[in-house]
Amino acid sequence: MEAVQTVENFAPRVLAWFDVHGRKDLPWQKDKTPYRVWISEIMLQQTQVTTVIPYYEKFMSSFPDVYALASAKQDDVLAHWSGLGYYARARNMHKAATMLVDEFDGEFPKTVEGVCELPGIGRSTASAILSISRGVQSAILDGNVKRVLARFHAIPNWPGEKKTENRMWGVAESYMPEIRCGEYTQAMMDLGATLCTRSKPKCHVCPLSEDCAGLASGEPTTFPISKPKKAAKPIKTAQFVVLQSDGKVLLEKRPASGIWGGLWSLPEFAHDASIVLEAEQRFQCGIQSVMALSSFRHTFSHYHLDIIPSLVTVKEAVGVHETEKYQWFSVDDAFTLGLPAPVRSILESVEKGDTLLL
DNA sequence: AAAACGGGGGA
DNA sequence: TCCCCAGTTTT
């Protein structure tokens, strides 16, 4: 037995389902002019159907056509948008209306490329408008369609990846039928919004369930796979001490490998260590004063380091012997060495005298 | 708390 | 070309 010829059967099944279960009496489905469909698509990008309906009705009665919208005050347009969010889209829409009137003679462009020239309209929205209002054979790829296709093919990649998205565009176009284009677009949106939902999809009544790879996998909701999370970086904390004596600061040479390998850094203390106790113990010297410097976060590729720097002055450098590992430098000389960026920054603040408190 | 959403705009 | 953003809902 041959596998089901999906490309042949996909759209007919979706359309047959739509004929029975699809929504056909929404306000923007009455008089499907490009203008009315356009406004609905922009509103629906960000809000559920039930919320959009009253906004749409009011918007249409105030701005019944592109000329009314183009000649409206931006404030008035924004007032009609108030509560929908993403106000840049209202501004884009208003701008697009003036462009349509001034440059397109009030007529919507006939091609996807042309419609995409308008601000706020990209490939998917352009295809939605043209297929629904004019029957143009051009596929959409909004969140609903991405979910349906990702499940149907058990696509193992995140749709946010350009490569994956491009492949999905190819699939979407390949399923776009030659006839009933507008209804097919509507049907795919309805399928995603009412059946193939993010959680608890109603696979048992889905017209595509028979050869849905996502369902076959047993875990359809794992598709589309979610954004790869960049393993929340651990946060480490350390105290960095600028030990200062006689105008010089003590630097510590880092081991050749690992973080900041071979660079000159500042002595580090555990975040909960007492500066005074720790410094006297490690360096056998009398502390004269301790001043806090501003704490800040340094981020590595794999963790955050919260740095708590302080400026510690000692009476004499006695007890702090210079070794391979520890050496005294004037701040000016220190700047000529290889220093980790945060250490350089701490020394700069010391040089400027940016201490916080005694 | 984090991801999703569709397109714009800056790196 | 890639990445981040807006502003709200959903998970």
Side-chain angles (χ1 to χ4, degrees), chain A residues 28 34 37-56 74 77-100 108-109 111-132 138-151 155 157-169 171-173 185-186 188-202 214 219-235 299 301 304:
Chain A
W28 45 90
V37 175
W38 167 41
I39 303 304
S40 75
E41 287 302 322
I42 301 297
M43 286 186 173
L44 288 164
Q45 276 171 7
Q46 58 212 3
T47 316
Q48 297 173 321
V49 167
T50 52
T51 308
V52 163
I53 290 174
Y55 278 90
Y56 184 82
Q74 187 186 74
V77 177
L78 288 172
H80 282 74
W81 208 264
S82 176
L84 283 176
Y86 279 105
Y87 300 94
R89 296 177 188 220
R91 293 192 297 273
N92 281 333
M93 223 174 55
H94 188 217
K95 172 89 187 302
T98 66
M99 288 172 63
L100 283 168
F108 240 78
T111 64
V112 169
E113 298 72 38
V115 176
C116 283
E117 298 290 307
L118 299 167
I121 305 180
R123 180 175 173 182
S124 188
T125 302
S127 291
I129 296 168
L130 288 183
S131 60
I132 292 173
S138 190
I140 63 166
L141 188 63
D142 67 356
N144 286 318
V145 177
K146 279 179 183 165
R147 191 168 52 251
V148 170
L149 296 181
R151 283 182 183 160
I155 293 172
N157 308 298
W158 180 50
E161 276 171 49
K162 202 63 187 167
K163 207 168 95 182
T164 307
E165 196 190 9
N166 287 341
R167 282 188 193 146
M168 296 183 79
W169 270 114
V171 176
E173 291 290 1
T185 291
Q186 200 66 67
M188 288 297 284
M189 292 174 167
D190 286 5
L191 194 60
T194 67
L195 273 192
C196 198
T197 47
R198 267 223 274 171
S199 57
K200 302 184 179 164
K202 302 172 181 64
E219 289 289 349
T221 56
T222 59
F223 306 98
I225 72 165
S226 54
K227 173 180 170 157
K229 27 185 142 293
K230 6 193 170 313
K233 298 183 184 182
I235 300 171
T299 298
S301 54
H304 299 289

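Lettering follows sequence order; numbering is per chain, from 1.
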Quickly work out the [X] [atom1] to [N] [atom2] distance and round it to whole Å.
X         : N      : atom1 : atom2 : result
Met93(A)  : dG8(B) : CE    : C1'   : 16 Å
Glu41(A)  : dG6(B) : CD    : P     : 10 Å
Glu165(A) : dA4(B) : CD    : P     : 13 Å
Ile129(A) : dG7(B) : CD1   : P     : 9 Å
Ile140(A) : dC5(B) : CD1   : C1'   : 13 Å
Lys163(A) : dT1(C) : NZ    : P     : 15 Å
Arg147(A) : dA4(B) : CZ    : C1'   : 10 Å
Leu44(A)  : dC5(B) : CG    : C1'   : 12 Å

Taking the [atom1] atom in each of [N] and [M], what is the distance between them to the nearest angstrom?
N      : M       : atom1 : result
dA2(B) : dC4(C)  : P     : 16 Å
dA6(C) : dA11(B) : P     : 15 Å
dG8(B) : dT9(C)  : P     : 23 Å
dA3(B) : dC3(C)  : P     : 16 Å

Closest to side chain of [X], choosing from [options]:
X         : options                 : result
Asp142(A) : dG6(B), dT11(C), dG8(B) : dG6(B)
Thr125(A) : dG6(B), dG7(C), dA4(B)  : dG6(B)
Gln45(A)  : dG6(B), dA4(B), dG7(C)  : dG6(B)
Lys162(A) : dT8(C), dC2(C), dA3(B)  : dC2(C)
Asn92(A)  : dG8(B), dT9(C), dA4(B)  : dG8(B)

- Verify the contact: side-chain N or O of Ser199(A) to OP1 or OP2 of dT11(C), cut-off strictly under 4.0 Å; return yes or no.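 Looking at the OP1 and OP2 atoms of dT11(C), one of them is under 4.0 Å from a side-chain N or O of Ser199(A).
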- Answer yes or no: does a side-chain N or O of Gln48(A) lie under 4.0 Å from OP1 or OP2 of dT10(C)?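 So the side-chain polar atoms of Gln48(A) do come within 4.0 Å of the phosphate oxygens OP1 or OP2 of dT10(C), strictly under.
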- Message: Keeping Lys227(A) on the side-chain end and Trp158(A) on the backbone end, is there a donor-acceptor pair under 3.5 Å?
- Response: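 Side chain of Lys227(A) to backbone of Trp158(A): no pair is present.
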- Query: Judged by atom type as modelled, is there a donor-acceptor pair below 3.5 Å linking the side chain of Ser82(A) to the main-chain atoms of Ala79(A)?
  - Reply: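 No; zero donor-acceptor contacts below 3.5 Å.
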- Message: Quick check: any donor-acceptor pair below 3.5 Å linking the side-chain of Arg89(A) to the base of dG6(B)?
- Response: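 Answer is yes: a donor-acceptor pair is held.
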- Message: Taking pairing as Watson-Crick or G-U wobble with both contacts under 3.5 Å, can you name the mate of dG8(B), or confirm there isn't one?
- Response: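 For dG8(B), the partner nucleotide comes out as dC4(C), under the 3.5 Å rule.
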- Task: Please round to the nearest 0.5 Å and tell me the distance separating atom CD1 of Ile121(A) and atom CZ of Phe108(A).
- Result: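 It comes to 4.5 Å.
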- Mind checking the CD1-OH spacing from Ile42(A) to Tyr86(A)? Nearest 0.5 Å is all I need.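 If we round to the nearest 0.5 Å, Ile42(A):CD1 and Tyr86(A):OH are 12.5 Å apart.
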- Message: Taking the nucleotide of DNA chain B with the nearest heavy atom to each, does Leu118(A) or Tyr86(A) sit closer to the 5' end?
- Response: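 Its nearest nucleotide lies further toward 5', so the answer is Tyr86(A).
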- Taking the nucleotide of DNA chain B with the closest heavy atom to each, which residue, Pro119(A) or Ile225(A), is nearer the 5' end?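 The residue whose closest nucleotide sits nearer the 5' end is Ile225(A).
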- Query: Do the side-chain N and O atoms of Asn92(A) and Arg89(A) include a donor-acceptor pair separated by under 3.5 angstrom?
  - Reply: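 The criterion, which ignores hydrogens and geometry beyond distance, is not satisfied for Arg89(A) and Asn92(A).
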- Item | Heavy-atom pair of closest approach, residues Thr111(A) and Leu130(A) |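 So the two residues come closest at C-CD1, 3.3 Å.
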- Query: When we call it a touch if two heavy atoms are under 4.0 Å apart, what does Ile42(A) touch: a base, just sugar-phosphate, or nothing?
  - Reply: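 Touches nothing.
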